[in-house]
Amino acid sequence: WIAPILLIIFGCVVLNLLLSAFAELRNAVEEVLSSLTERGTTILLMSKDCDTPGIQGFSAQVEEASDTPIPRSLRSHLTFKSPAVYIYTSGTTGLPKAAVLNQNRLLSALAVLSSNGITSKDIFYLNLPLYHTAGFIVGFIGCIETGSTIILKKKFSASQFWDDCRKHNVTVIQYIGEVMRYLCSTPKKDNDKEHKVRLAIGNGIRAEVWREFLNRFGNIQIREFYASTEGNVGFVNYVGKIGAVGRVNFFYRKLFPYTLVKYDTERDEPVRDANGLCVKALKGETGLLVSKITDIAPFLGYVQNEEQNERKRLRNVLKKGDLYFNTGDLLKIDHDNFIYFQDRVGDTFRWKGENVATTEVSDILTLSGCLQEANVYGVQVPGHEGRIGMAAATLKKDVKFDGRRMYQHVVSYLPSYARPRFIRIQDAMEVTGTFKQMKVKLMEQGFNPGSIQDPLYILDDRAESYMLLTAEIYKSIMSGSIKL
Ligand SMILES: *[C@@H]1O[C@H](CO)[C@@H](O)[C@H](O)[C@H]1NC(C)=O
C-alpha cells in the first residue's frame with residue numbers, strides 16, 4: 001500500500017524534483033531511495049540531520065530561513081498551468097493514482113476558506129490527513145492564504161476534540177462526514193456548547209447528523225461543499241440548507257456547464273437514448289454528475305496514466321462529439337435547485353472517509369490461495385456513513401475456506417478500511433454479458449444470514465480469523481451493539 005507521501009514540485013528548472021518527507025516515513029522512502037536518486041530527485045527529511053546517504057536533514061534550514069517573500073525570479077517561470085502538487089487518489093479503480101493539480105486548481109481550491117469568510121483572526125482546527133486534497137489544500141494551504149492560525153492535530157480524536165477547541169480558542173473546524181458523526185455519538189456533556197467555534201467546513205455530513213450536531217453543539221454555521229481532487233466542478237452550500245452540498249447558480253453553470261444524466265446502476269453506465277446521447281435526469285431524480293471539459297474547467301488527469309484518464313472522460317453526452325468529465329458521483333437536484341450528494345457509482349465505495357477501490361481489493365483476495373474469484377462491493381449498515389466492504393467469492397476446486405489464513409492475508413495486504421468485513425461464498429459468480437461482475441443485487445441482499453443461503457463469514461479481529469456469521473452476530477450489528 002502506497003505510503004502517504006506528498007510529492008511537491010517546485011518547478012523542475014530550479015530545484016529539480018524535490019521530495020520532502022516526515023521522519024516517520026523515512027523507512028518507506030529508503031526502500032525506493034535508489035530509484036529516486038537515479039532520477040535526480042532531491043530528498044529532504046523534516047529532521048535536523050540525517051545519516052542516510054542521499055537524504056538531507058531539512059528542519060535546521062527551515063528555522064534559519066528568512067521570512068521575507070521568496071524572490072520573484074525563483075517563481076517567474078510558473079504559470080497557472082504549471083503543476084503544483086501531485087495528490088495520490090484511489091479514484092474509481094485500481095491502484096492509487098497521482099492526480100495533477102496545477103497552480104490554477106490550487107488557487108481555486110484554497111479559495112474555499114476565504115470565500116466562506118475565514119480571516120486572519122480565525123483559529124482553524126485541522127485534523128484531517130494532509131495527504132488528501134481536503135486537509136492539505138482546502139485546509140492547510142487555505143489557511144496560509146487567509147493568514148489564519150492552524151491548530152494541527154496529528155490524528156482525529158472525538159474525545160479530545162472539544163477540549164482542544166476550548167484550549168486553543170478555535171473558531172473554525174474542518175470535517176468529513178464521519179468526524180461529525182463520531183462527535184455526535186460521544187457521551188453528552190454539560191459544556192457541549194461552551195466553545196468559540198462559529199463555522200464548520202467540510203464535506204459528507206448526513207442530514208440527520210447535521211441536525212443533531214446543531215442541537216448538541218450550538219449555533220455553528222455548517223458549510224458543506226462538494227469537490228473532488230481530479231474533478232473540474234465543485235459546489236458550496238453557503239446558505240446552510242440541511243443535507244445539501246450547494247445550489248444551482250445560473251452564472252456558475254454558464255461558466256462551468258455541468259449536468260446530471262440518468263444512470264443505470266446495474267449496467268454501471270449512463271443511460272443512452274436512440275441517438276446514443278445521454279438523458280438528463282429530471283428534478284428530484286438521481287443522476288450522474290458530469291461536467292464539460294473546457295479551457296477554464298480542464299481535466300488535468302493522472303500522471304502517466306492515459307488509460308485511467310480516458311475512463312474519466314465521457315463523450316457524446318448532450319451533443320455528438322462533446323466531451324465531459326465523469327465525476328463518478330450520483331447527485332440529485334430538488335425543485336428548489338438545491339443539490340444533494342447521493343452516492344458514488346460502480347467500482348468505488350467509501351468507508352471511514354476513504355475510497356475503497358473494489359477491483360484492487362478483489363485482486364488481492366484472489367491471491368489468497370483459496371478463492372477462485374472475488375466480487376467486492378460495499379454494503380450499508382445502519383448508523384454508518386458509506387458502505388463497509390463485502391466480498392462474494394467462489395472457492396478453488398476442492399479447497400475449503402480457511403478463515404484464519406484469509407484473515408492473515410487480508411491484514412497483511414490491505415489497510416483496515418479496505419478489508420472486506422463480510423465474505424459470502426457462492427457456488428458460481430454472476431457476470432454480465434461483458435463479464436462484468438454484478439454487484440447491485442448482492443449489495444441489496446447485504447449480509448443477513450436469515451435470508452442468504454450461502455455461507456457467510458465475518459472478519460473478527462479478536463479471533464484473528466473470519467468466523468461464521470450467525471443470526472445472533474447479525475442482530476448485534478443491526479442493533480449497534482457490535483461496532484464496525
Ligand atoms: C483564549 O481566549 C481567552 C479569553 O478570550 C484568553 O484569556 C486566552 O488566553 C486565550 N487562549 C489562547 C490559547 O489563546
Side-chain angles (χ1 to χ4, degrees), residues 4 6 20 22-24 46-48 58-70 109-205 209-225 236 238 240 353:
L6 286 170
S20 85
F22 292 94
E24 66 261 36
M46 270 300 171
S47 73
K48 207 151 173 249
F58 191 46
S59 49
Q61 281 114 296
V62 170
E63 270 159 36
E64 284 163 18
S66 148
D67 58 4
T68 56
I70 293 172
L110 65 78
V112 171
L113 294 194
S114 54
S115 70
N116 278 288
I118 291 157
T119 70
S120 60
K121 294 201 180 77
D122 279 305
I123 299 173
F124 190 92
Y125 188 52
L126 179 53
N127 52 50
L128 303 181
L130 293 183
Y131 52 86
H132 286 330
T133 311
F136 181 57
I137 297 179
V138 175
F140 191 84
I141 302 193
C143 278
I144 291 176
E145 197 234 355
T146 54
S148 315
T149 301
I150 304 173
I151 305 298
L152 192 59
K153 181 86 173 175
K154 200 155 195 180
K155 196 162 183 283
F156 168 74
S157 155
S159 61
Q160 293 163 17
F161 191 96
W162 293 107
D163 287 337
D164 283 346
C165 289
R166 282 184 277 267
K167 182 171 161 201
H168 300 289
N169 293 333
V170 167
T171 58
V172 181
I173 58 178
Q174 189 181 10
Y175 67 84
I176 54 171
E178 288 78 2
V179 161
M180 300 301 247
R181 183 182 289 279
Y182 296 150
L183 291 176
C184 287
S185 53
T186 54
K188 287 202 161 92
K189 286 190 183 158
D190 291 340
N191 63 353
D192 274 346
K193 291 196 170 79
E194 283 167 29
H195 57 74
K196 293 183 176 150
V197 177
R198 63 177 184 88
L199 198 129
I201 188 157
N203 58 308
I205 186 173
V209 175
W210 191 323
R211 280 188 203 100
E212 169 65 15
F213 186 86
L214 295 182
N215 272 339
R216 249 195 85 179
F217 302 109
N219 189 19
I220 298 172
Q221 285 183 58
I222 295 187
R223 294 286 170 85
E224 167 83 4
F225 67 86
V236 182
Y238 289 104

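Note that ligands are numbered from 1 as they come in the structure, with each ligand's atoms numbered from 1 the same way. FYI, the numbering just counts along the sequence from 1. These figures come from a predicted structure and were not determined experimentally.
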Quiz item: Only one of Thr149, Ile151, Asp163 clears side chain to side chain contact (heavy atoms under 4.5 Å, CB included) with His168; which?
Solution: Ile151
Self-check item: Of the listed options Lys167, Lys196, Arg166, closest to atom 13 (C) of ligand 1 (non-hydrogen atoms)
Solution: Lys167
Quiz item: Within the structure, does at least one protein heavy atom fall under 4.0 Å of atom 11 (N) of ligand 1?
Solution: yes
Exercise. Give a yes or no on whether atom 5 (O) of ligand 1 lies under 4.0 Å from any heavy atom of the protein.
Key: yes
Quiz item: Does Lys189 come within less than 4.0 Å of Asp192, counting only side-chain N to carboxylate O?
Solution: no
Self-check item: Gap separating the CD1 atom of Ile118 from the CD1 atom of Ile123, nearest 0.5 angstrom
Solution: 12.5 Å
Quiz item: To which protein heavy atom is atom 9 (O) of ligand 1 closest, and what is the distance rounded to 0.1 Å?
Solution: Asn169 ND2, 4.8 Å
Quiz item: Which word best sums up how the rings of Phe136 and Phe140 line up, parallel for under 30°, tilted for 30 to 60°, or perpendicular for over 60°?
Solution: parallel
